[in-house]
Amino acid sequence: MDLLAEAKRIEPDIVKTRRALHRHPELSYGEEWTSDFVAGELKRLGIEVKRGVGGTGVVGILKGGKGGKVIALRADMDALPVQELSDVEFRSEVDGVMHACGHDTHMAMLLGAARLLSDHKSELCGTVKFLFQPAEEHGGRGGALPMIEAGAMEGPKVDYVFGLHISSTQKAGEFGIKGGAVMAAPDTFKVTIFGKGGHGSAPHETVDPVYIAAHVILALQGVSSRMIDPVRPFVITVGSVHSGTKENIIPDIALLQGTVRTLDEATRKLAKRKVREVAIGVCRSFNADAKVEFEEDAYPVTVNDPKVTGRVARVLRTIPGAKVKEMDAILGGEDFSRFLRKAPGTFYFLGTMNRVKGCVHPNHSAKFKVDEDVLKLGSASLAMLAIDFGTPREAR
Ligand SMILES: [Zn+2]
Ligand SMILES: [Zn+2]
């Protein structure tokens with residue numbers, strides 16, 4: 001079975017699907033048109049479809065003609081609040097919304113894989129579940145958890161789960177893969193500093209939350225440089241500072257918002273505790289009160305099963321001409337991590353960087369552009385993983 005050759009034959013349809021999705025981007029949990037489209041395509045392939053799985057989520061179930069394992073393949077469906085500035089002719093038709101993270105390509109590649117697999121339904125071992133997930137970009141309560149709560153990983157119970165993300169930092173057509181922790185836990189926090197307002201000419205009669213906020217921002221960087229083992233990746237960014245209305249008024253309150261990124265649960269726990277202690281301690285030393293809140297339900301670290309991931313790499317290497325590279329972890333977050341807590345599996349990447357075609361802008365940029373030549377590789381790889389992991393040892 002040469003799945004890459006088969007993917008090449010359906011490539012025009014994969015690209016067409018991707019462009020249709022690109023024209024109709026929808027924000028997290030608003031994927032109505034998108035889920036209709038996806039469900040329609042799956043039904044057309046004769047695949048059993050469940051709708052409304054965790055909001056707008058769609059699950060397709062393809063039962064093979066022979067017994068085997070249950071494999072889940074996941075694509076996320078949401079777009080971002082970005083006004084598209086790319087030069088493609090199939091630009092977003094929705095003002096201020098764009099598939100700037102490539103989730104349109106994830107859906108198109110997975111629908112391509114669904115077609116390749118349904119073409120081989122009678123020889124297929126086991127069951128393949130296609131998970132079309134809402135709201136990956138939501139942060140906090142992303143769409144993976146509600147899908148799991150709605151039973152997406154059960155009935156039949158998933159043995160292995162795989163997900164693919166398009167990557168602007170890797171060369172077009174190159175797969176990136178890593179066993180163990182591959183993406184960070186993205187914990188967002190809020191520090192509210194309660195000072196005492198007054199006249200800008202008389203700071204001694206106030207507790208100035210703007211001045212104190214400056215100290216907190218600087219001190220928080222000391223958590224990474226002085227309190228966390230330097231061999232453990234850790235990033236803290238304060239991305240939002242709000243206080244005050246006028247130059248000569250000392251306000252009552254300042255609000256800082258930031259994000260903490262870690263790659264293991266122990267460092268994560270320690271980092272969160274230290275952020276809290278440092279922020280509150282600095283505020284106290286200047287006579288202000290502080291409240292530190294971490295968002296609940298933040299995505300866990302994305303941990304690829306090392307053994308499964310080694311096998312995934314071997315499968316990818318059998319694709320003619322494919323380059324498979326061991327990659328470094330990245331400190332972005334992914335709620336695919338939730339699925340990996342339910343079943344062993346791998347989240348891997350497919351590069352789309354191509355200078356000649358102008359595909360050089362990062363994911364989330366208004367100019368983000370994908371080299372569509374790589375889509376067939378993605379479809380073939382997903383289908384190959386479903387077949388390899390679905391087939392019992394004795395049937396291989
Ligand atoms: Zn994204
Ligand atoms: Zn993404």
Side-chain angles (χ1 to χ4, degrees), residues 4 7-27 34 74-113 136-137 162-178 182-183 316-317 319-334 336 347-383:
L4 182 60
K8 276 181 185 159
R9 272 200 291 279
I10 64 164
E11 184 179 14
D13 294 329
I14 301 173
V15 170
K16 209 173 121 195
T17 298
R18 185 265 159 152
R19 292 183 177 191
L21 290 162
H22 193 84
R23 284 195 173 96
H24 293 96
E26 291 173 305
L27 294 174
T34 307
R74 175 270 211 168
D76 38 14
M77 300 194 290
D78 55 334
L80 286 160
V82 170
Q83 181 67 43
E84 178 154 14
L85 294 174
S86 84
D87 57 4
V88 298
E89 82 265 22
F90 49 93
R91 211 171 298 151
S92 165
E93 290 171 8
V94 184
D95 243 12
V97 185
M98 175 192 177
H99 268 297
C101 200
H103 298 183
D104 52 341
T105 67
H106 302 168
M107 289 183 277
M109 289 189 286
L110 188 52
L111 286 168
E136 190 285 321
E137 302 284 2
F162 302 105
L164 173 59
H165 206 299
I166 204 97
S167 163
S168 57
T169 56
Q170 282 167 266
K171 276 193 208 127
E174 197 172 271
F175 287 105
I177 191 161
K178 183 187 179 300
V182 66
M183 292 186 79
L316 298 180
R317 286 199 178 95
I319 300 176
K323 285 201 186 71
V324 183
K325 262 198 163 172
E326 172 78 18
M327 61 183 281
D328 290 327
I330 37 186
L331 293 184
E334 236 307 329
F336 187 76
F347 191 62
Y348 64 107
F349 294 81
L350 175 56
T352 177
M353 193 219 292
N354 185 329
R355 291 192 195 287
V356 179
K357 294 181 184 171
C359 305
V360 292
H361 303 282
N363 292 60
H364 289 209
S365 152
K367 292 183 177 174
F368 178 66
K369 200 162 94 173
V370 167
D371 179 356
E372 291 177 324
D373 285 350
V374 310
L375 300 181
K376 57 180 176 296
L377 277 173
S379 291
S381 71
L382 289 162

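Here, residue 1 is the first one in the sequence, and each next residue gets the next number. Keep in mind that what you see is a predicted model, and the values were worked out from it rather than measured.
Residues Asp373 and Glu11 meet the side-chain proximity criterion, which asks for heavy atoms closer than 4.5 Å. Side-chain contact check for Thr352 versus Lys369: every heavy-atom pair is 4.5 Å or farther apart. Between Phe175 and Tyr348 there is a side-chain heavy-atom pair separated by less than 4.5 Å. At least one side-chain heavy atom of Arg19 sits less than 4.5 Å from a side-chain heavy atom of Glu89.
Rounded to the nearest 0.5 Å, atoms CE (Met353) and CD1 (Ile166) are 12.5 Å apart. Here Ile330 contributes atom CD1 and Met183 contributes atom CE; the two are 4.5 Å apart, rounded to the nearest 0.5 Å. Taking CG from Asp78 and CD from Glu26, the interatomic distance works out to 10.0 Å, rounded to the nearest 0.5 Å. Here Cys101 contributes atom SG and Asp104 contributes atom CG; the two are 9.5 Å apart, rounded to the nearest 0.5 Å. Atom CE in Met77 sits 7.0 Å away from atom CE in Met107 (nearest 0.5 Å). If you take OG on Ser379 and CG on Leu111, they are separated by 8.5 Å, rounding to the nearest 0.5 Å.
Here the options are Glu93, His99, Glu84, the test is side chain to side chain donor-acceptor pair (under 3.5 Å), and the partner is His22; only Glu84 passes. With Leu164 as reference, Met109 is the one residue of Arg74, Met109, His106 to meet the side-chain contact (heavy atoms from CB on, under 4.5 Å) rule.
Closest of all the heavy-atom pairs between Pro362 and Ser168 is CA-OG, 3.3 Å. Annotation for Lys376 and Ile14: closest pair CA-CD1, 4.3 Å, computed over non-hydrogen atoms. Shown here for Leu80 and Ala100, the closest heavy-atom pair between the two residues is CD1-CB, 4.0 Å. Listed here is the closest heavy atom pair of Asp371 and Lys357: OD1-NZ, 2.7 Å. Closest approach of Val97 and Ala79 over heavy atoms only: CG1-CB, 3.9 Å. The shortest non-hydrogen separation linking Ile319 to Leu4 is CG2-CD2, 3.8 Å.
In terms of modelled atom types and a separation under 3.5 Å, the side chain of Gln83 and the main chain of Gly96 share a donor-acceptor contact.
The pair Asp87-Lys367 does not meet the salt-bridge criterion, since no charged nitrogen lies less than 4.0 angstrom from a carboxylate oxygen. Classification of Lys178 and Glu326 as a salt-bridged pair fails, no side-chain N sitting under 4.0 Å from a carboxylate O.
A centroid separation of less than 6.0 Å is found between the aromatic rings of His103 and His165. In this structure, the ring of Phe368 has its center no less than 6.0 angstrom from the ring center of His361.
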Applying side chain to side chain contact (heavy atoms under 4.5 Å, CB included), run through Val370 and Arg18 and close with a yes or a no. CA-CA 10 Å; Val370 167; Arg18 185 265 159 152; 4.1 Å; yes
